[in-house]
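Within every chain, numbering begins at 1; the chains are lettered A, B, ... in the order of the sequence lines, protein sequences first and strands thereafter.
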There are 2 protein chains.
Amino acid sequence: MANKLSDGNNLIETLPSISVDCVIFGYDENKLKVLVRREFIPYNGEVHEEWKLPGNHVRKNEDIDHTASRILKEQTGLENIFVKQFMVFSDPDRLKRNAYDYEWVKPRLADERVITVGFYSLINVSDVDNSTLIEVANWADAYEIKDLMFDHNDIFDEAFKKLRYDLLHEPLVFELLPEKFTLTQMQKLYEAIFNTTYDKRNYRRKVNKMAYLIPLDEIQTGVSHKPARLYSFDRDIYENTRTERFDFRV
Amino acid sequence: MANKLSDGNNLIETLPSISVDCVIFGYDENKLKVLVRREFIPYNGEVHEEWKLPGNHVRKNEDIDHTASRILKEQTGLENIFVKQFMVFSDPDRLKRNAYDYEWVKPRLADERVITVGFYSLINVSDVDNSTLIEVANWADAYEIKDLMFDHNDIFDEAFKKLRYDLLHEPLVFELLPEKFTLTQMQKLYEAIFNTTYDKRNYRRKVNKMAYLIPLDEIQTGVSHKPARLYSFDRDIYENTRTERFDFRV
DNA sequence: ACAAAAGTGTTTTGGGTACACCCATGT
DNA sequence: ACATGGGTGTACCCAAAACACTTTTGT
């Protein structure tokens, strides 16, 4: 029942009625971004530029986390990146909200209907070789997302909600921080994602209670101000000391 | 690409590679229960009794919430019941963990692999006409779930985690309480679901702050002790006063 | 009268929040 | 010397948690 579908230049067997769409959050100079892809859609004789989230079909023998990791690799070149499913979008007409978009996507489908699983992911924009994706993709400001194709605005909104929730309950920040980081870098990251500001002293009091945040015997170099102490995240300590109702709130 | 599959006695077009499985939580005399179905599995010449969660295929033109509601109706006879998706289970071998189980399920599948969306739901066991389901289904104690078929123990575990989280952040308790209820009924319900006990005074102080909990001019009748005041849940007030970071913790 | 659950206040403790100044470094 | 971000402590308020007795009804 799996179908041969064109996936790039290869014929690969995929499941006909399930796809994965990825909301790839990128952190770049204290701003939260989202990766969107440009498509050119024929439209009443003209061609319109439209944007969508990256997605792909699920292959016959992979689980959906693998599909999501594959999309991450295709879009960013990065591997072993954290991906997390957050919601299934199953409106039978979800691809038909705009007739031209549907005409465009129809030849790529094995069925007239596709249920999609939404994933989100977190990367450092500086880890990506952005020269390779600049033509078809764009890092859009997470707080100014334009109209996307299909139900992709819904998918983005749900991803953002889930991201914020998860950040308060799991050590996700560290996916976006370098190996060694300063407390201010960590604070700025929270501020970008929650679109707010925190009091520095209260913030530090809170994070200083986190036993898995290890102060290193190392400080920043090359900054023209008092260099900050570097910290690292100790996942072992986190795993061993986490409690049922963990709280990353800052 | 949709497939004609036998659904009971009717041929109904369904999507080949997606199903919905439901964890139906039932509240019964201060105990939390889960609905499981009995199946007889041929096993080395014998027939074994096994248990699984109720599930079904997704029809060609329905969204998955409709599939879940349909399963609820089939299993309990109840309609307009709250259902909520919580996770997708997509291990390509999820149906093959036990060879006999797979042999049993294979003829019911359009593909050798099915990705399933987990839903949970909440009902009052007393609302169900249990005489009709007694032969094939059973209300199992949520704290003593036996081995289930396929990956259904994983599905149950995730459902229970999500139920507990959602109960603290959404007004789900009221799905399980009658229209008019006492504060003690509400407390017992939390205690059953979180498997704990609360201090009555602290509990009441907390819930008395909830503006959407309306004390009625009505008290219990027919109890051989001081009758308790009845309360009702006002969804309008809840919707109008809910804030970003709502907290149902008690 | 007694059994059974309803209903009610106070104290202690810890966390959240608001707030301002000196320090170390590069230029 | 100055600009820049790093780093620190205190006071107030409120919510969480621990804890025991009186009230009302049915039998």
Side-chain angles (χ1 to χ4, degrees), chain A residues 29-31 164 167-169 177-178 180-192 194-211 213-232 241-250, chain B residues 29-31 164 167-169 177-178 180-192 194-211 213-232 241-250:
Chain A
E29 290 172 1
N30 295 348
K31 301 268 188 186
R164 286 175 164 183
L167 268 171
L168 299 178
H169 297 80
L177 288 167
K180 300 169 178 181
F181 51 87
T182 70
L183 295 185
T184 299
Q185 286 179 313
M186 185 172 164
Q187 181 178 346
K188 294 277 179 219
L189 179 45
Y190 271 104
E191 290 177 344
F194 290 97
N195 202 24
T196 183
T197 56
Y198 298 108
D199 178 88
K200 185 165 50 162
R201 279 172 292 191
N202 294 337
Y203 179 85
R204 281 162 187 255
R205 186 184 3 265
K206 186 88 184 247
V207 300
N208 273 327
K209 274 185 241 154
M210 302 173 173
L213 259 193
I214 312 296
L216 304 175
D217 285 333
E218 229 176 306
I219 56 173
Q220 272 182 318
T221 55
V223 289
S224 70
H225 53 75
K226 176 173 175 177
R229 177 173 297 276
L230 295 175
Y231 287 74
S232 69
T241 60
R242 87 216 222 70
T243 55
E244 182 88 12
R245 196 181 277 171
F246 206 85
D247 201 335
F248 274 82
R249 268 185 268 194
V250 287
Chain B
E29 290 172 2
N30 295 349
K31 300 269 188 184
R164 288 174 164 185
L167 267 171
L168 298 178
H169 296 81
L177 288 167
K180 300 169 178 179
F181 51 88
T182 70
L183 295 187
T184 299
Q185 286 179 313
M186 185 172 164
Q187 180 178 348
K188 294 277 180 221
L189 179 44
Y190 272 104
E191 290 177 343
F194 291 97
N195 201 25
T196 181
T197 58
Y198 299 108
D199 177 87
K200 184 164 51 158
R201 279 172 291 190
N202 293 337
Y203 179 85
R204 281 163 187 252
R205 185 180 10 260
K206 185 90 183 243
V207 300
N208 273 327
K209 276 185 241 153
M210 302 175 174
L213 259 194
I214 312 296
L216 304 174
D217 286 333
E218 229 177 304
I219 55 173
Q220 273 183 318
T221 56
V223 288
S224 71
H225 53 76
K226 177 173 176 178
R229 177 173 296 276
L230 296 174
Y231 287 74
S232 69
T241 59
R242 85 216 223 66
T243 56
E244 181 88 14
R245 196 182 275 171
F246 207 84
D247 202 335
F248 274 81
R249 266 183 271 194
V250 287

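- Distance A/Asp199 CG to C/dA20 P: 10 Å, rounded to the nearest Å.
- B/Gln220 places its CD atom 8 Å from the P atom of C/dG7, with the value rounded to the nearest Å.
- For the pair A/Gln187 (side chain) and A/Tyr198 (backbone), a donor-acceptor distance under 3.5 Å is present.
- Checking D/dG26, C/dG16, C/dA18 against every side-chain atom of A/Arg205, the shortest atom distance belongs to C/dA18.
- Considering only side-chain atoms of A/Ser224, the nucleotide from D/dG6, C/dT27, D/dT27 that sits closest is C/dT27.
- OP1 and OP2 of C/dG7 both lie 4.0 Å or more from every side-chain N or O belonging to B/Lys200.
- Nearest-nucleotide assignment on DNA chain C puts the 5′-proximal partner with B/Gln185, out of B/Gln185 and A/Pro227.
- Atom-to-atom, CZ of A/Arg229 to P of C/dT25 comes out at 12 Å; the value is rounded to the nearest Å.
- Looking only at side-chain heavy atoms (C-beta outward), B/Leu230 and B/Thr182 come within less than 4.5 Å of each other.
- A sub-4.0 Å separation between OP1 or OP2 of D/dG5 and a side-chain N or O of A/Thr184 is absent.
- For B/Arg201, the side-chain atoms get nearest to C/dG9 when compared with the rest of C/dG16, D/dG6, C/dG9.
- A/Arg205 places a side-chain heavy atom less than 4.5 Å from the side chain of A/Asn202.
- Between the P atom of D/dG5 and the CZ atom of A/Phe181 lies a distance of 20 Å, rounded to the nearest Å.
- B/Arg204 comes within 4.0 angstrom of a nucleotide base, judged by non-hydrogen atoms across all strands.
- Whole-Å rounding puts the A/Tyr198 OH to D/dG7 P distance at 20 Å.
- Atom pair B/Lys206:NZ and C/dG7:C1' shows a separation of 20 Å (rounding to whole Å applied).
- When all heavy atoms of A/Met186 and A/Val207 are compared, the pair lying nearest together is CE-CG1, 4.1 Å.
- Atom OH in B/Tyr203 sits about 17 Å away from atom P in D/dA18, given to the nearest Å.
- In terms of phosphate contacts, B/Lys226 brings no side-chain nitrogen or oxygen within less than 4.0 Å of OP1 or OP2 of C/dG7.
- Put simply, the side chain of A/Arg204 reaches to within 4.5 Å of the side chain of A/Thr184, judged on heavy atoms.
- For B/Asn202, taking side-chain heavy atoms from C-beta onward, the closest of the listed nucleotides D/dG6, C/dG7, D/dA18 is D/dA18.
- Per the geometry, CG belonging to B/Leu183 stands 13 Å off C1' belonging to C/dA5, to the nearest Å.
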